[in-house]
Amino acid sequence: TQDTTFTAYFYHPESFPVHAVSQPLFALTPNPAGETVTVSLSLLVANPAECRITLHDAAGHELTTLVPEQRQFTLATDKLPAGIYLVTLHSPQGTHTLRLVIVQGEKK
């Protein structure tokens with residue numbers, strides 16, 4: 001019922017890779033986790049050895065850093081207290097962070 005103006009923005013595919021925003025670079029299963037969690041790198045990650053994975057607690061303290069040797073591996077979580085953690089993959093393809101919930105607390 002009134003005049004409207006629309007603006008279209010076009011991006012060259014090489015300067016705006018769609019896969020970088022639409023597909024995750026890794027997955028955590030199961031999540032919530034108990035004693036272990038499996039980290040699976042996407043096929044978008046060209047070389048796992050060029051990556052670094054960091055684990056932070058909810059307060060932002062870095063707990064560990066590792067370099068994956070394989071596309072899929074198991075991370076022990078049985079020594080961590082129950083809570084929320086952030087797992088970040090740093091790779092040449094980009095940085096991606098996932099929230100990890102640990103439901104089983106530290107054994108005494």
Side-chain angles (χ1 to χ4, degrees):
T1 60
Q2 64 186 15
D3 290 341
T4 305
T5 301
F6 295 95
T7 304
Y9 297 96
F10 298 94
Y11 297 94
H12 191 277
E14 292 176 8
S15 63
F16 188 74
V18 174
H19 65 80
V21 294
S22 63
Q23 296 180 12
L25 295 176
F26 73 111
L28 302 171
T29 53
N31 193 5
E35 295 181 359
T36 63
V37 63
T38 300
V39 180
S40 303
L41 302 182
S42 162
L43 294 176
L44 294 173
V45 177
N47 183 1
E50 294 178 346
C51 298
R52 179 173 50 93
I53 294 180
T54 57
L55 175 69
H56 290 83
D57 64 15
H61 300 108
E62 186 174 310
L63 303 176
T64 190
T65 298
L66 58 99
V67 175
E69 295 179 10
Q70 300 176 13
R71 196 164 292 285
Q72 184 172 351
F73 61 94
T74 301
L75 182 64
T77 56
D78 58 336
K79 302 290 186 210
L80 297 172
I84 297 174
Y85 296 84
L86 297 176
V87 181
T88 303
L89 171 71
H90 308 271
S91 75
Q93 289 71 36
T95 300
H96 189 78
T97 301
L98 294 176
R99 181 176 60 115
L100 172 64
V101 177
I102 303 213
V103 292
Q104 184 172 338
E106 183 176 309
K107 296 181 180 181
K108 296 183 180 185

* Asked: Quick one: do L86 and L63 end up in the same hydrophobic cluster if we chain Ile, Leu, Val, Met, Phe, Trp and Tyr together by side-chain heavy atoms under 4.5 Å apart?
  -> no
* For the residue pair S42 and F26, establish whether any side-chain heavy-atom pair is separated by less than 4.5 Å. => no
* Below 4.5 Å, heavy atoms only, C-beta onward: do T38 and L28 meet side chain to side chain? -> no
* Structure fact -> For A46 and P48, the nearest pair of non-hydrogen atoms, with its separation, is O-CD, 4.1 Å
* **Closest contact, heavy atoms only, L25 versus G94** => CD1-O, 3.6 Å
* Polar side-chain atom of N31 near backbone of R99 as donor-acceptor pair, under 3.5 Å -> yes
* Asked: Closest approach of L98 and A27, non-hydrogen atoms and distance?
  -> CD1-CA, 4.0 Å
* Measure across G34 and I102 and return the closest heavy-atom pair with its distance rounded to 0.1 Å. => O-CG2, 4.1 Å
* Transitively linked via ILVMFWY side-chain contacts under 4.5 Å: V87 with F73? -> yes
* Heavy-atom closest pair, residues L100 and P30 -> CD1-O, 4.5 Å
* Structure fact -> Correct closest heavy-atom pair for L41 and V45 would be CD1-CG1, 4.3 Å
* Asked: Would you say the side chain of C51 lies within less than 4.5 Å of the side chain of V67, judging by non-hydrogen atoms?
  -> no
* Which side-chain hydrogen bond (donor to acceptor under 3.5 Å, both in side chains) pairs, counting each pair once, include a residue from residues 68-77, with sequence neighbours left out? -> none
Extract all donor-acceptor atom pairs below 3.5 Å that involve side chains of residues 52-60 and protein atoms in other chains or at least two apart in sequence.
unit_1	atom_1	unit_2	atom_2	d
T54	OG1	H90	NE2	3.4
D57	OD1	A59	N	3.1
D57	OD1	G60	N	3.0
D57	OD1	H61	N	2.8
D57	OD1	H61	ND1	3.4
D57	OD2	H61	ND1	3.3

